[in-house]
Amino acid sequence: MKVAIIGGGLAGLTAAAYLSEQSGVTGVLFERSPQLGGRAFTYEKAGFTLNYGAHAIYGLDRHTLSVMERELKLDFSSKQVDKRKVVYEKGEHLTPAPLDFVNLIKTDLLTAMQKVRFVGEITAIMANIHQIKHYATLGDYLAESGAAEDVKELWEHLVCSNFFITPEDARRVPGPVISDYYHNLFLSHRPVNYVLGSWAVITNQLRDKVNLSERWSIALQEGVDGIRYEQGKYVLKTKAREETFDRVIFAMPIQQVVKLLRGTPWEPFLEPYEHNTATEVMVYDIGLDHVVARPFSYISDMNHKLFISDVSATDHTLVPEGGQLLQGIAYLSEESSSDEDRKAYLEERTQQMESLFDRHYPNWRDAVAVKRVSKKAMVQSVKNIASNRLVPNRIESMPFYFCGDGCEGKGELAERAFSSGRRVAERLVEELLHV
């Protein structure tokens, strides 16, 4: 069986790594960019290692990456974020984030009775008996929960932080998604970890595993421009060649798949997914030539819905000696009536982010060695809210496989990319065994 994988992000690399172990499978991984990793791309500048997005792993001990570590024999280290140094800012007041029982007791976000209520909700989710799984959305549950406004706000803020979305979108996350996600996270013994050395540590090992197989090749800077069915095979066309394959895996955002298959017989079957919206955030990275302040490792501004991580406080490998790397994330709303309004909105978010830096990292502007601001960074290709539909690994009446963070799979963000890539590889192997 000869397989084409279109897309060299986390999902495509995962599928290729698993399939490269199968003696009966050959293939090519196509990637339009000059590097692998997709949105998990890492680059170095002036001694700083920058990621296009956070390389935090939520619930590592229950995460698909830990399964891959065993199955693919990956070798990486990780370090847990210090929960005692994670704080929320509400109004002008700083308080511990209620990430565990100790911090829940200390936090000022809830009254004593509200803390009892919240502990009960956490316990119910851990036991998988929480009623939220029976509600269409988080907003529907909160509307009927009878909870105090502070408890509702905390739920919204937790979902904002873990799904990288605004409170408005948080209320639109399906109840079963909330239930499954927090069931895993609350039961985890390693809730928030960084892979030491960034995503490149993972993507490089997946790449090397594929390259070691004599049956697979990686085609960088070779995007697929067309696909057709001919004499029982799928013919992929790039600027460099045409090549036939038995199976095709799309490991790219569904929005790009729609464009590629426009005008083909398969186009109508993508209609339910072509209007899916992506999760986009503002990312503000600054590398400092010395540590300007280290009052905490994570500060979440509940007033303006943005946060700053002191990435180098957990992962020292990303900075030169004595340096500091801060990453700010601002959740973005999709609403804007015109380009001019959108520009003004993004400028306002930029100013709010810089104000947060000013308040807690004084004199940071004088210490900047590296700066990168992306005002529209895609976190995941399909926002997991009620108005969107995650793409199945197989779409009825289509012969292709689909994987990526916008597809069905375990977890959110990077985990869904890993888990869907692994699942697609398993299904192809099962198909091969039954041929």
Side-chain angles (χ1 to χ4, degrees), residues 54 56 58 80-122 138-139 142 145-171 182 185-186 191-192 281-284 286 288 291-314 324-333 345 348-365:
Y58 296 96
Q80 184 164 309
V81 173
D82 187 347
K83 291 179 287 188
R84 303 293 169 255
K85 294 184 178 180
V86 177
V87 301
Y88 286 171
E89 182 177 59
K90 186 175 181 181
E92 298 181 355
H93 182 64
L94 295 179
T95 189
L99 301 182
D100 59 11
F101 183 74
V102 173
N103 273 18
L104 183 61
I105 294 299
K106 292 181 177 180
T107 189
D108 296 328
L109 294 174
L110 305 175
T111 66
M113 289 303 297
Q114 290 169 353
K115 290 176 182 179
V116 172
R117 163 73 186 249
F118 194 66
V119 167
E121 297 217 7
I122 291 174
L138 172 65
L142 293 178
S145 66
E149 290 303 313
D150 287 339
V151 175
K152 293 180 181 179
E153 182 184 17
L154 179 56
W155 265 118
E156 289 176 358
H157 196 72
L158 285 173
V159 176
C160 287
S161 302
N162 294 131
F163 289 63
F164 286 68
I165 53 180
T166 63
E168 294 76 22
D169 279 331
R171 288 191 286 269
Y182 286 103
L185 188 59
F186 291 155
V192 185
V281 299
M282 176 184 292
V283 181
Y284 200 128
I286 52 172
L288 308 176
V291 177
V292 296
R294 191 154 270 165
F296 25 69
S297 58
Y298 176 98
I299 169 72
S300 182
D301 181 353
M302 296 183 71
N303 309 305
H304 301 107
K305 307 306 176 187
L306 44 85
F307 68 85
I308 294 173
S309 295
D310 183 347
V311 182
S312 53
T314 303
Q324 185 175 21
L325 180 60
L326 304 175
Q327 182 173 73
I329 301 285
Y331 315 127
L332 297 181
S333 169
Y345 169 71
E348 179 185 23
R349 298 299 274 156
T350 303
Q351 292 175 1
Q352 290 169 345
M353 178 66 71
E354 291 179 347
S355 294
L356 188 61
F357 279 118
D358 289 337
R359 287 198 298 279
H360 302 294
Y361 300 94
N363 302 317
W364 67 273
R365 298 172 192 266

S.K.: With rounding to the nearest 0.5 Å, note down the distance linking CZ in F118 to CH2 in W155.
M.R.: 5.5 Å
S.K.: I'd like to check D108 versus H93 (side-chain heavy atoms, cut-off strictly below 4.5 Å). Are they in contact?
M.R.: yes
S.K.: So, taking the atom named CG in L306 and the one named OG in S300, what distance separates them when rounded to the nearest 0.5 Å?
M.R.: 7.5 Å
S.K.: If we only count heavy atoms from C-beta on, is the Q324 to R294 side-chain gap below 4.5 Å?
M.R.: yes
S.K.: Pair L94, H360 - check side chain to side chain contact (heavy atoms under 4.5 Å, CB included), show working.
M.R.: CA-CA 11 Å; L94 295 179; H360 302 294; 3.9 Å; yes
S.K.: Could I get the full list of ring-ring contact (aromatic ring centres under 6.0 Å, His included) partners for Y361, not counting sequence neighbours?
M.R.: none
S.K.: Step by step, work out the side chain to side chain contact (heavy atoms under 4.5 Å, CB included) result for T107 and K115.
M.R.: CA-CA 9 Å; T107 189; K115 290 176 182 179; 4.0 Å; yes
S.K.: Enter the distance from I299:CD1 to I308:CD1 here, rounded to the nearest 0.5 Å.
M.R.: 8.0 Å
S.K.: Quick check: do T350 and M353 have side-chain heavy atoms less than 4.5 Å from each other?
M.R.: no
S.K.: Using a 4.5 Å cut-off on heavy atoms from C-beta on, say whether the side chain of L110 contacts that of L104.
M.R.: yes
S.K.: Run Y88 and L154 through side chain to side chain contact (heavy atoms under 4.5 Å, CB included) and show every step you take.
M.R.: CA-CA 11 Å; Y88 286 171; L154 179 56; 4.1 Å; yes
S.K.: State, with a plain yes or no, whether a side-chain heavy atom of S297 is found less than 4.5 Å away from one of V86.
M.R.: yes
S.K.: Could you state the interatomic distance from CG (D100) to CZ (F186), rounded to the nearest 0.5 Å?
M.R.: 11.5 Å
S.K.: Please round to the nearest 0.5 Å and tell me the distance separating atom NE2 of H304 and atom CD of Q351.
M.R.: 11.0 Å
S.K.: Sequence neighbours excluded, which residues qualify as side chain to side chain contact (heavy atoms under 4.5 Å, CB included) partners of S355?
M.R.: R359
S.K.: Heavy atoms, side chains only, cut-off 4.5 Å: are P98 and L109 in contact?
M.R.: yes
S.K.: Report yes if some heavy atom in the side chain of P295 is under 4.5 Å from a heavy atom in the side chain of K85; otherwise report no.
M.R.: no
S.K.: Output all residues satisfying side-chain hydrogen bond (donor to acceptor under 3.5 Å, both in side chains) with E348, sequence neighbours left out; order by chain, then residue number.
M.R.: none
S.K.: Regarding R349 and S333, do their side chains bring together a donor and an acceptor under 3.5 Å, going by distance alone?
M.R.: no
S.K.: Is there a side-chain contact between L288 and L325, using heavy atoms and a 4.5 Å cut-off?
M.R.: no
S.K.: Please set out all donor-acceptor pairs under 3.5 angstrom arising from side-chain atoms of residues 159-170, sequence neighbours excluded.
M.R.:
residue	atom	partner	partner atom	Å
S161	OG	H157	O	3.0
N162	OD1	Y182	OH	2.7
T166	OG1	E168	OE1	3.2
T166	OG1	D169	N	3.3
D169	OD1	R172	NH1	2.8
D169	OD2	K383	NZ	2.8

S.K.: The test is side chain to side chain contact (heavy atoms under 4.5 Å, CB included); show your working for R365 and F357 and say whether it passes.
M.R.: CA-CA 9 Å; R365 298 172 192 266; F357 279 118; over 6 Å; no
S.K.: Measuring from L356:CG to E89:CD, what's the distance to the nearest 0.5 Å?
M.R.: 6.0 Å
S.K.: List for me each residue that meets side chain to side chain contact (heavy atoms under 4.5 Å, CB included) alongside P96, sequence neighbours excluded, and say none if there are none.
M.R.: N103, K106
S.K.: For A147, enumerate each residue passing the side chain to side chain contact (heavy atoms under 4.5 Å, CB included) test, keeping only those at least two apart in sequence or located in another chain.
M.R.: R117, S145, V151, K152
S.K.: Can you tell me how the ring of W364 sits relative to the ring of Y284, calling it parallel under 30°, perpendicular over 60° and tilted otherwise?
M.R.: perpendicular
